[in-house]
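Report on the following structure.
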Amino acid sequence: MKYWLLLVMIVSTPFGGMCHEVRPAYLGITQLTGNQVEIVWKVPAQSNRVLGIMPQFPPDWNVKLVSQLMLDGAFRQQFRMEIPADFRGSEIYFDGLSATMTDVLARAEFADGSQQVELIRPAAPVFRIPMIPSPTSVARTYFLLGVDHIWLGIDHLLFVLGLVLITVGGWKIFKTVTAFTLAHSITLSLAALNLIHVPIPPVEAMIALSILFLAWEAIRHRTGHATLTGQKPWWVAFSFGLLHGVGFASALGETGLPHGDIPLALGMFNVGVEFGQIVFVAILLGIRIGARRFFPRILPPAYRMLAYAIGGCASFWLIERIVGFWG
């Protein structure tokens, strides 16, 4: 038992701080009239510590700070500027972005109603405002944002991993993953459209608790006990999927949805989340099939080790989120 406890400590520590810390920054540039432009810059913050990223505007932009405040885990600044001509073709460099794991969602909305939306990566920290906006920029960007959120949302991935550990059989896994997809698609859409309002900190704690429950079920399932998840995994996946959907919506809450393209952006974000999830499940099943064929003896201890590791991470997150909420 002492070895399992050591494993839990080793695995929980590095992964505990990763969950939902990699959030995108946001830059919104809106042309109000011919020469009046509003700029909103929002960068993630934790415990009043702001991520060290700052947009560097072109030298010919006369940008004036209007307001700044800390709001919902982000530092928000609002600027105004007057431009003598159109700002299309300008470049904005994000100082400090290349030293982080954070992306920037950059949006330029023009007075004629057109817009350009791009996801700026640390490897290329420049937003080039095009002369002619791309009609596919919203779909492409929100798809990538959805993929990023599922791949960087370690808690969501561990929940799916727990489902795969317990569920046996291709058809059963399909029904289980479909139930999870359906559930979080419902609450993701409702929360992103502001049709339901749920405080995020308690939801994040409940998500951690759902993972802890699934880890406990996986341990009991592997020791021969009858479990609810083992018998009805799709019901467990659907029930907790409603919680995870609100967690997915928090990513959109950081950046918002583009005016005029809300259904498209919401739909493509959801598609991106599902794509990332399907790829993850396919990788897990491929590993399981390969292990059964070539290394069958390692599967029982590997399942047990993964279940304890998932439980350790979930316990860390649960305590961290409760302390953070009440602190």
Side-chain angles (χ1 to χ4, degrees), residues 19-20 146 149-150 153-193 195-200 202-251 269-285 287-289 299-300 303-304 306-315 317-318 321-322:
C19 181
H20 288 302
H149 190 65
I150 186 64
I154 307 299
D155 51 357
H156 301 302
L157 292 182
L158 288 190
F159 184 85
V160 174
L161 174 58
L163 290 175
V164 174
L165 285 181
I166 298 174
T167 310
V168 179
W171 175 240
K172 211 171 185 180
I173 291 176
F174 174 78
K175 289 195 294 184
T176 301
V177 174
T178 299
F180 183 63
T181 296
L182 178 61
H184 69 61
S185 296
I186 292 172
T187 48
L188 164 62
S189 301
L190 293 176
L193 295 173
L195 297 178
I196 59 173
H197 301 276
V198 182
I200 296 301
V203 169
E204 295 289 355
M206 290 297 294
I207 288 175
L209 185 60
S210 74
I211 303 167
L212 184 59
F213 168 80
L214 208 57
W216 174 244
E217 290 272 280
I219 294 169
R220 298 184 69 245
H221 179 76
R222 288 296 163 182
T223 54
H225 293 82
T227 63
L228 175 61
T229 310
Q231 296 172 348
K232 300 288 184 181
W234 45 87
W235 288 113
V236 173
F238 184 87
S239 300
F240 287 126
L242 297 173
L243 277 174
H244 284 251
V246 179
F248 287 135
S250 66
F269 181 85
N270 216 342
V271 170
V273 167
E274 301 320 315
F275 177 81
Q277 180 178 289
I278 290 171
V279 171
F280 181 65
V281 172
I283 292 173
L284 293 179
L285 294 180
I287 293 173
R288 186 159 78 178
I289 292 171
L299 280 179
Y303 281 138
R304 194 180 309 116
L306 285 172
Y308 274 100
I310 292 170
C313 289
S315 299
W317 292 330
L318 179 61
R321 293 171 185 183
I322 291 176

Decide yes or no for [X] and [Y]: does some side-chain heavy atom of the first lie under 4.5 Å from some side-chain heavy atom of the second?
{"X": "His156", "Y": "His149", "value": "yes"}
{"X": "His221", "Y": "Thr229", "value": "no"}
{"X": "Val177", "Y": "Leu163", "value": "no"}

Check [X] against [Y] and note the closest heavy-atom contact, atom names and distance.
{"X": "Ile322", "Y": "Ala205", "value": "CG1-CB, 4.4 Å"}
{"X": "Ala218", "Y": "Ala307", "value": "CB-CB, 4.0 Å"}
{"X": "Leu243", "Y": "Met206", "value": "CD1-CB, 3.7 Å"}
{"X": "Thr181", "Y": "Ser185", "value": "O-OG, 2.6 Å"}
{"X": "Ala237", "Y": "Ala179", "value": "CB-CB, 4.4 Å"}

- Have a look at Ile310 and tell me which of Ile219, Asp155, Ile211, Leu214 forms a side chain to side chain contact (heavy atoms under 4.5 Å, CB included) with it.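 Of all the options given, the one that passes is Ile211.
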- Query: How far apart are the C-alpha atoms of Trp216 and Phe213, what are their side-chain angles, what is the distance that settles it, and do they pass the ring pair (Phe, Tyr, Trp, His ring centres under 6.0 Å) test?
  - Reply: CA-CA 5 Å; Trp216 174 244; Phe213 168 80; 9.5 Å; no
- Item | Between His184 and His244: side-chain donor-acceptor atoms closer than 3.5 Å |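 Not at all, the side chains of His184 and His244 share no donor-acceptor pair under 3.5 Å.
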What's the spacing between [X] [atom1] and [Y] [atom2] if we round to 0.5 Å?
{"X": "Gln277", "Y": "Ile150", "atom1": "CD", "atom2": "CD1", "answer": "5.5 Å"}
{"X": "Leu285", "Y": "Phe280", "atom1": "CG", "atom2": "CZ", "answer": "10.0 Å"}
{"X": "Leu212", "Y": "Leu158", "atom1": "CG", "atom2": "CG", "answer": "12.0 Å"}
{"X": "Thr167", "Y": "Phe174", "atom1": "OG1", "atom2": "CZ", "answer": "13.5 Å"}
{"X": "Arg304", "Y": "Leu299", "atom1": "CZ", "atom2": "CG", "answer": "11.5 Å"}
{"X": "Leu188", "Y": "Asn270", "atom1": "CG", "atom2": "CG", "answer": "5.0 Å"}

Checking [X] side chain against [Y] main chain: does a donor-acceptor pair fall under 3.5 Å?
{"X": "Arg321", "Y": "Ile207", "value": "no"}
{"X": "Lys175", "Y": "Pro233", "value": "no"}
{"X": "Glu217", "Y": "Leu228", "value": "yes"}
{"X": "Thr223", "Y": "Arg220", "value": "yes"}

- Message: Can you confirm if the aromatic rings of Phe238 and Trp235 lie within a centre distance of less than 6.0 Å?
- Response: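 No, ring centres 6.0 Å or more apart.
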- Query: Run the side-chain contact (heavy atoms from CB on, under 4.5 Å) check on Thr176 and Phe180 step by step: do they pass?
  - Reply: CA-CA 6 Å; Thr176 301; Phe180 183 63; 5.9 Å; no
